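Some notes on the structure that comes next.
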Amino acid sequence: MNEPRTTLPPSIRMGEMAVASTDGLLRTLLGSCIGLALYDRRRRIAGLAHIVLPDSRGKTETPAKFVDTAVPALIRDMQALTDEPLRLSARIAGGANMFAASGARRIGDLNVEAGEALLRELKTPIVGRHSGGTKGRRMTLDVATGVIRIEVVGLDPEEI
């Protein structure tokens, strides 16, 4: 099992996650995938996962790739940074329907729904969302403040 990464990557790629405490930026670029951020405001501990699919179907090799394995792995890695119990809040971004012509249930919607359902089950409040649409977005989490900046081409940046 890997130890939590405390050296911040330049960007979190598909199926990856990172945790950090005190300061720094966690960032990722999203399409139909979701960026799921967890944050403990009192301890300034943050985690961000770039989740590709809603369900692992038992695959455990890449836990950050799936909603059902990413959330517990992210919580575990964040908890490893403190001896105190975490008080987490969540934010979700991404889940765009990049191929709007498709009539089938879209993977972006399924990713968001799975993330929201699991967070409800874990009683982790979702305090911000920026999901759906047909365009990708950049998600940046400021570890010191917990503020998430969302950038979509052609739109003004937003904070969630």
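Residues: numbered from 1 along the sequence shown. None of these values were measured; they are calculated from a predicted model.
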Show the atom names and distances, to 0.1 Å, of all donor-acceptor pairs under 3.5 Å that link a side chain in residues 122-132 to residues at least two apart or in another chain.
residue: R129; atom: NE; partner: E116; partner atom: OE2; Å: 2.6
residue: H130; atom: ND1; partner: R137; partner atom: NH1; Å: 2.6
residue: H130; atom: NE2; partner: E158; partner atom: OE2; Å: 3.4

- Message: Other residues, nucleotides and ligands only: do more than 12 of their heavy atoms fall within 6.0 Å of CZ on R57?
- Response: no
- Message: How close do A144 and R44 get, counting heavy atoms only, and between which atoms?
- Response: O-CD, 3.2 Å
- Message: Donor-acceptor pair, distance only, cut-off 3.5 Å: does the side chain of R91 make one with the backbone of G146?
- Response: yes
- Query: If you look at every heavy atom in A96 and T134, which pair is closest and at what distance?
  - Reply: CB-C, 4.3 Å
- Item | Closest non-hydrogen atom pair between L38 and I75, with its separation | CD1-CG1, 3.6 Å
- Which atoms form the tightest heavy-atom contact between F66 and I51, and what is the distance? C-CG2, 3.6 Å
- Item | Atom of R27, atom of L48 and distance for their closest heavy-atom approach | N-CD2, 4.0 Å
- Linking I/L/V/M/F/W/Y whenever their side-chain heavy atoms sit closer than 4.5 Å, directly or via other members, would V52 and I107 fall into one cluster? yes
- Do M78 and L36 share a hydrophobic cluster, counting only Ile, Leu, Val, Met, Phe, Trp and Tyr and linking them when any side-chain heavy atoms are less than 4.5 Å apart? yes
- Rounded to the nearest 0.5 Å, what separation is found between the OG1 atom of T28 and the CZ atom of R13? 10.0 Å
- Query: With hydrophobic residues grouped by side-chain heavy-atom distances under 4.5 Å, do Y39 and M17 end up in a single group?
  - Reply: no
- E16 side chain to K65 main-chain N or O, any donor-acceptor pair under 3.5 Å? no
- Query: What do you reckon, is CZ of R138 surrounded by more than 12 foreign heavy atoms closer than 6.0 Å?
  - Reply: no
- Any link between I12 and L29 through a network of hydrophobic side chains (Ile, Leu, Val, Met, Phe, Trp, Tyr) touching at under 4.5 Å? no
- Query: For the residue pair T22 and V143, what are the closest heavy atoms and their distance?
  - Reply: N-CG1, 3.7 Å
- Task: Output the distance between atom CD (E151) and atom CG (D156), rounded to the nearest 0.5 Å.
- Result: 11.0 Å
- At what distance, to the nearest 0.5 angstrom, does CG of L53 lie from CD1 of I34? 10.5 Å
- Cluster link I148 to V152, ILVMFWY, side chain under 4.5 Å: yes
- What is the distance from atom CG of N111 to atom CZ of R106, rounded to the nearest 0.5 Å? 13.5 Å
- Message: Looking at G95, is its backbone amide N or carbonyl O close enough to the side chain of D109 to form a donor-acceptor pair, meaning the two atoms are under 3.5 Å apart?
- Response: no
- Query: Atom CG of L81 and atom CZ of R43: how far apart are they, to the nearest 0.5 Å?
  - Reply: 11.5 Å
